[in-house]
Amino acid sequence: MQSTDFGKVAVLFGGNSAEREVSLNSGQAVLQALLEQGINAEAFDPAVRSITEITAYDRAFIVLHGRGGEDGQIQGLLEWLNLPYTGSGVLASALGMDKAKTKQLWQGCGMPTAPYRLLDQNTDFAQVVQELGLPLIIKPVHEGSSIGMSKVETLEQLQPAYEQAAVHDAVVMAERWITGREFTVVILNGQALPVIRLQPPSDAAFYDYEAKYQRNDTQYGIPCGLSHDAEQQLQALALRAFNAVGATGWGRIDAMQDEQGNFWLLEVNTVPGMTDHSLVPMAAKAIGHSFAELCQLILQQTLSPAQAQTNPQTQPMSSVG
């Protein structure tokens, strides 16, 4: 595989979503890694450049987190332009960005995911508590990075938590709180990588934005602490959940294990973070891939099988077509 095989690469990052700052950090890291390998890559921030300029490039590495970049919009544009890009296509991106639709799909496939209710300003919050119990986790349906999320332990906290989430999204959900251990499974080119256990600081209610990106006392376990059989079970469940959404290339499935040992799917991330706190590089490192190698493996997804024959171990796939 030669660096010239990729032509001119647009690294798409920044954008206008609530996750812009995370995307800027991810994109700069990816851009630097590609440049260090001699790949002709350039930064492309749709918030400051006309998206029509993307036609000057041969392919795109998408590191746009959140709305506009992770929800099928940019993927649809690139499809229209017949420009190869990394990661999942239009439908999987749109589904993955919608937590409620993802849960409905998983439920329809018989996969375990916590009971939930959609909320609006006319919701009977007492009935929600009666149906789902307490505690609850309140989430904007179309946001990532735990933005707008909060834990609710009393009925009185539910409406303020809903209103906080509604600032970020017109669609809000309440989900039954799963008490137990949180894990994440990175998917790369059809393979589930070693499971990572996420252990936020004791003073954090859950793995929130601060624990993800700003604190240095969040603990990450590789090995994850599961038995060999349990880890394989979770990897298989994560891969099945990823495929059910139609996701391809790379991504991440978040899950919980309750106190009885049962696994529960939380959500899928089709454009995960690539910062120095991020989980995809951590899992890739556990199987011997440097950050630079990881970035090239993801970029190789944009090559046709014929173009990628020089390196068959990568199992490349194209998002276009």
Side-chain angles (χ1 to χ4, degrees), residues 4-20 22-24 26-27 30-31 34 39-99 101-102 105 141-144 169-171 187-190 242-252 268-274 295-308 314-321:
T4 53
D5 293 343
F6 298 107
K8 191 175 182 181
V9 180
V11 182
L12 284 160
F13 63 97
N16 292 311
S17 80
E19 297 179 75
R20 174 176 172 81
V22 180
S23 179
L24 287 172
S26 289
V30 169
L31 177 62
L34 296 180
I39 294 169
N40 182 13
E42 293 182 0
F44 195 110
D45 185 347
V48 298
R49 293 179 65 178
S50 169
I51 196 61
T52 58
E53 296 177 38
I54 200 74
T55 56
Y57 296 86
D58 297 300
R59 64 200 67 250
F61 194 126
I62 300 175
V63 210
L64 286 166
H65 306 315
R67 291 185 233 191
E70 200 169 350
D71 58 2
Q73 291 188 43
I74 194 69
Q75 289 80 4
L77 173 68
L78 296 172
E79 294 272 0
W80 181 258
L81 296 172
N82 200 31
L83 196 73
Y85 57 90
T86 55
S88 294
V90 178
L91 179 59
S93 299
L95 277 172
M97 195 68 197
D98 189 314
K99 294 180 177 66
K101 291 290 188 293
T102 298
L105 180 66
V141 166
H142 302 100
E143 285 292 356
D169 193 355
V171 188
I187 310 295
L188 179 64
N189 290 335
F242 190 77
N243 292 336
V245 174
T248 54
W250 71 301
R252 212 184 71 227
V268 59
N269 298 272
T270 55
V271 185
M274 292 286 275
C295 291
Q296 187 169 134
L297 283 170
I298 294 170
L299 186 59
Q300 283 173 7
Q301 296 163 10
T302 64
L303 299 177
S304 69
Q307 289 174 307
T314 60
Q315 304 176 38
M317 59 190 70
S318 173
S319 297
V320 178

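Residue indices begin at 1 and follow the sequence shown.
- Atom CH2 of W250 and atom OG1 of T270 lie 9.0 Å apart (nearest 0.5 Å).
- Qualifying salt bridge (charged side-chain N to carboxylate O under 4.0 Å, His left out) partners for D98, counting only residues two or more places apart in sequence or in other chains: none.
- Taken to the nearest 0.5 Å, the CG atom of L83 stands 12.0 Å off from the CD atom of Q75.
- For the residue pair V11 and A41, the shortest heavy atom distance occurs at CG2-CB, 4.1 Å.
- Separation of atoms OG (S93) and CD1 (I62) is listed at 7.0 Å; rounding is to 0.5 Å.
- Side-chain contact check for K101 versus V141: every heavy-atom pair is 4.5 Å or farther apart.
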Next on the checklist: For V171 and H142: C-alpha separation, side-chain torsions, deciding distance, then whether side chain to side chain contact (heavy atoms under 4.5 Å, CB included) applies.
Outcome noted: CA-CA 7 Å; V171 188; H142 302 100; 3.9 Å; yes
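- Panel note: side chain T302, backbone A60; no donor-acceptor pair is recorded below 3.5 Å.
- At a threshold of 4.5 Å between non-hydrogen side-chain atoms, the residues V90 and E79 count as touching.
- Closest non-hydrogen pair, S88 versus T248, comes out as OG-N, 3.0 Å.
- Taking CD1 of I74 as the start and OH of Y85 as the end, the distance is 10.0 Å to the nearest 0.5 Å.
- Looking at heavy atoms from C-beta onward, P46 lies in side-chain contact with L64 at the 4.5 angstrom threshold.
- In this structure, S26 contributes its side chain and G273 its backbone to no donor-acceptor pair below 3.5 Å.
- Of all the heavy atoms in F6 and R59, the pair that sits closest is O-NE, 2.7 Å.
- Counting all heavy atoms, side chain and backbone alike, L12 lies closest to I54 at CD2-CD1, 4.1 Å.
- Side-chain atoms of D58 come within 3.5 Å of backbone N or O of K8 as a donor-acceptor pair.
- For the atom pair T4 OG1 and N40 CG, the distance stands at 10.0 Å (nearest 0.5 Å).
- At least one side-chain heavy atom of F13 sits less than 4.5 Å from a side-chain heavy atom of L24.
- Only one option out of E70, M97, E19 pairs with V271 in a side chain to side chain contact (heavy atoms under 4.5 Å, CB included); it is E70.
- The two residues R67 and S17 come nearest to each other via the heavy atoms O-CB, 3.5 Å.
- V63 places a side-chain heavy atom less than 4.5 Å from the side chain of H65.
- Put simply, the side chain of N269 never gets that close to the backbone of G251: no donor and acceptor are under 3.5 Å apart.
- Contact detail for L297 and N189: the closest heavy-atom pair is O-ND2, 4.0 Å.
- By the salt bridge (charged side-chain N to carboxylate O under 4.0 Å, His left out) test, R20 pairs with D45, sequence neighbours left out.
- Note that the CZ atom of F61 and the OG1 atom of T86 stand 5.0 Å from one another [nearest 0.5 Å].
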